[in-house]
Structure formats: structure tokens, C-alpha cells
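To start, the structure itself, in C-alpha cells.
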Amino acid sequence: MDGKGGGVQSVTRALGLLRLLARSDEGHRVSDLAREAGLAVSTAHRLLTTLESEGFAQFDAEESLWHVGREAYAVGAAYAQRRNFVAPAMPYLRRLRDETRETANLGILDVDHLVTLSQVESREIVRAISPPGGRVPAFCSGMGKAILATWPDDQIADFAARTGFHPLTSRSHRGLGTAMEDIARIRSQGFAVDDEEHAPGLRCIAAVVWSETGEAACAISISALSARLSPEKFAFVGNKVARAAADLTARLGGHAPLSIS
């Protein structure tokens, strides 16, 4: 199809391939990309070469692998730079990484998903990473739940009714009852825990960063293998994450509201 509908379809397919490329640094074979995208190999190859010509994809001829191109990074970086808390957050993320030896993350709530904007990777050989640009259902994310916990209860209930629950593991929330019990814990202890709710074997501890208007600007977190972040360490690590979030809040001139209900 060469008309308007065909052009829109091509754009949709090309963006789908770009998302697949972004999922791994290892590279992808065109046949694997075509299979995952539900496309013919010839169609996938045509779209990839178009993306390559514009700098959004890169082909490694020696390995016959496709990778994300420099322009995709530039577009993603521009999105992150629109948020004036990304650059100020980096020293606090590095401090968290050094204090805990785990990966530190910065994220925002975008519609119904938590989007990771920036990250400082752990120096451990085996580490937990959800790459920048990754999207996770809010109730499956430590950072997502930390932000939701700043909302009034009725707004959280409306959000859940509107977006639904999208469990990723057997430990993910599936209903408002358990989710609100979790929200109460987050408010009480000052940090949120993703206890293998995003991916089996991975845990995350997050705290919210407040804006100058007393609303959640973003959240920061530590993500780690469950074997290294046992429940016995939740309070210790959670306090470090909460302290870093408070320090970043102060750096941004933000403040918490008087109460949340």
C-alpha cells in the first residue's frame, strides 16, 4: 500500500523495530527482528536500511547484527534533557551507586508507565539493569509506586480503574486491595520496594523526589539481584535511597506537601 495508510503503517513498523533494537546492546539479526515484529524478512530489512540511512539504526557487517544508531540516542537524550532534574540528579545517583554497589536509576511516570530516564550502572559483573527508555507498568515498579504513593487515595483508585493492572510476575499486584496496602507501607517507611514484581530475581528500592510545587517530580532507585538485596537490607538501603531523594529535592528547591491522604 502506497497511500497515506501505507505510510503510517511503515512508520509504525519502523518504530516497532527501533524499540526491539533498543532492548539489547548485543545486537540483533534481521531474521530475529522480523520474527519478533511479525514481519517478512524483506520488509524488516527494507525498514532497517531506511532507519540506517537516517542514523537511527547501525549495521555491523562483520557480525551481521543490527544496533541502535546515534540519532536514536540523540532523540532520547533530548527528551531527558527537557526534564531539568536529570543533570542535577547525576551526583546523587553516583553516590547511591558507590554506597550500595548497585545500579542507581532516575525515572518519571509517563501516562501509566514508569519510564527510566537516566542510570548509573553498578560496577558488579552481574548487575540488574532496566535500560534508560524502558517502560514498566506503574504498579510493577518501585519508582512507579513511590510516585503513586504521593497521590491522594481517590486519585490512585481512579488511576487503577483507568489503566488496570498489568502483572509481570507472580508477585505483581493484581488488584487495588493489595496495591493500597503497599501504598500505605510506602508512606509509612518513606520508600517503595519492588519485590520481584517487575522481573523474577530482581528487586528495587525507590523514593520520590519532590518539586517546588510539592508534587512528585521524579523518583530515584537502586536495583539489584535479589540475592544481593535481601529483605533484611531493605531498611538500610531504603534509608540511603530516601536520603538521596531528599538531598536531590533540596537541590531542586522542592518540598514535600504537608500531608497525603
With no hydrogens and no angle check, is any side-chain donor or acceptor of T169 less than 3.5 Å from a backbone partner on A199?
no
Residues pairing under ring-ring contact (aromatic ring centres under 6.0 Å, His included) where one sits in residues 162-181, two or more places apart or in two chains, turn out to be F139-F165
Let me confirm one number: the CD-CG distance from Q58 to L51, rounded to the nearest 0.5 Å.
12.5 Å
Between CZ on residue F56 and CG on residue L18, distance to nearest 0.5 Å:
7.5 Å
Side chain to side chain, R135 and D110, heavy atoms closer than 4.5 Å
yes
Main-chain N/O of G201 paired to S226 side chain as donor or acceptor, under 3.5 Å
yes
Validation row: S223, R203 side chains within 4.5 angstrom (heavy atoms)
no
Does R171 use its side chain to pair, donor to acceptor, with the backbone of D195 at less than 3.5 Å?
yes
How long is the straight-line distance from SG of C204 back to CG of L114, given to the nearest 0.5 Å?
8.5 Å
If you take all heavy atoms of A44 and L17, which pair is closest and at what distance?
O-CD1, 3.9 Å
What pair of heavy atoms forms the shortest contact from I108 to C218, and how long is it?
CG2-CB, 4.0 Å
Taking F234 as the starting point, is it possible to reach I222 by hopping between hydrophobic residues whose side chains are less than 4.5 Å apart?
yes
Spacing of CD1 belonging to I156 relative to CH2 belonging to W151, to within rounding of 0.5 Å
8.0 Å
Just verifying a value: how many Å separate S170 OG and E197 CD, rounded to the nearest 0.5 Å?
10.0 Å
salt_bridge(D182, R185) N-O dist < 4.0 Å:
yes
Keeping the roles fixed (side chain from T50, backbone from R46), state whether a donor-acceptor pair exists under 3.5 Å.
yes
Got a salt bridge between E63 and R29, using NZ or NE/NH1/NH2 to carboxylate O under 4.0 Å?
no
Less than 4.5 Å apart, side chain to side chain, heavy atoms only: is that true for L248 and Y92?
yes
Reported CD-to-CG distance for the pair Q189 and N239, which is rounded to 0.5 angstrom:
9.0 Å
If hydrophobic clusters are built from ILVMFWY residues whose side chains come within less than 4.5 Å, do L65 and F59 share one?
no
Given 3.5 Å as the limit, does a donor-acceptor pair link the side chain of S122 with the main chain of R101, or not?
yes
Please report the shortest heavy-atom distance between F191 and A235, naming the atom on each side.
CZ-CA, 4.0 Å
Single-linkage hydrophobic cluster, 4.5 Å side-chain cutoff, L21 and L39 together:
yes
Determine whether the side chains of N105 and S118 contain a donor N or O and an acceptor N or O closer than 3.5 Å.
no
L109 with M180, same ILVMFWY side-chain cluster at under 4.5 Å:
yes
Any non-hydrogen side-chain atom of T116 less than 4.5 Å from a side-chain atom of L106?
no
Among the clusters formed by ILVMFWY side chains lying less than 4.5 Å apart, do M143 and V111 turn up in the same one?
no
Side chains of P257 and E215 in contact at under 4.5 Å (non-hydrogen atoms)
no
Do the side chains of D60 and H67 get nearer than 4.5 Å, heavy atoms only?
yes
Show your working on side-chain contact (heavy atoms from CB on, under 4.5 Å) between L93 and Q119 and close with a plain yes or no.
CA-CA 7 Å; L93 295 183; Q119 187 174 77; over 6 Å; no
Are R162 and D112 within salt-bridge range, i.e. N to O under 4.0 Å?
no
For a quick test of reading the model, state the closest non-hydrogen atom pair linking G142 to A192 and the distance between them.
O-CB, 3.4 Å
Side-chain heavy atoms of L48 within contact of H45, under 4.5 Å
no
Nearest atoms (heavy-atom pairs only) where S221 meets V241:
CA-CG1, 4.3 Å
Does V136 form a side-chain contact (heavy atoms from CB on, under 4.5 Å) with L168? I'd like the steps, not just the answer.
CA-CA 9 Å; V136 181; L168 299 178; 4.1 Å; yes
Sidechain N-carboxylate O distance under 4.0 Å for E102, R97
no
Answer yes or no: is there an ion pair linking D194 with K145, defined by an N-O contact shorter than 4.0 Å?
no
Heavy-atom count around R174 CZ within 6.0 Å, excluding the residue itself: above 12?
yes
Looking at L96, is its backbone amide N or carbonyl O close enough to the side chain of T100 to form a donor-acceptor pair, meaning the two atoms are under 3.5 Å apart?
yes
For the residue pair S31 and V41, what are the closest heavy atoms and their distance?
CA-CG2, 4.3 Å
Would R95 and D98 count as a salt bridge (Lys or Arg N to Asp or Glu O under 4.0 Å) if you check the C-alpha gap in whole Å, the side-chain angles of each, and the deciding distance to 0.1 Å?
CA-CA 5 Å; R95 188 182 82 191; D98 293 342; over 6 Å; no
Chi angles and distances behind the side-chain contact (heavy atoms from CB on, under 4.5 Å) call for V120, T103:
CA-CA 6 Å; V120 177; T103 298; over 6 Å; no
Under 4.5 Å between any side-chain heavy atoms of V209 and L252, yes or no?
yes
So does E212 have more than 12 non-hydrogen atoms from other groups sitting under 6.0 Å from CD?
no
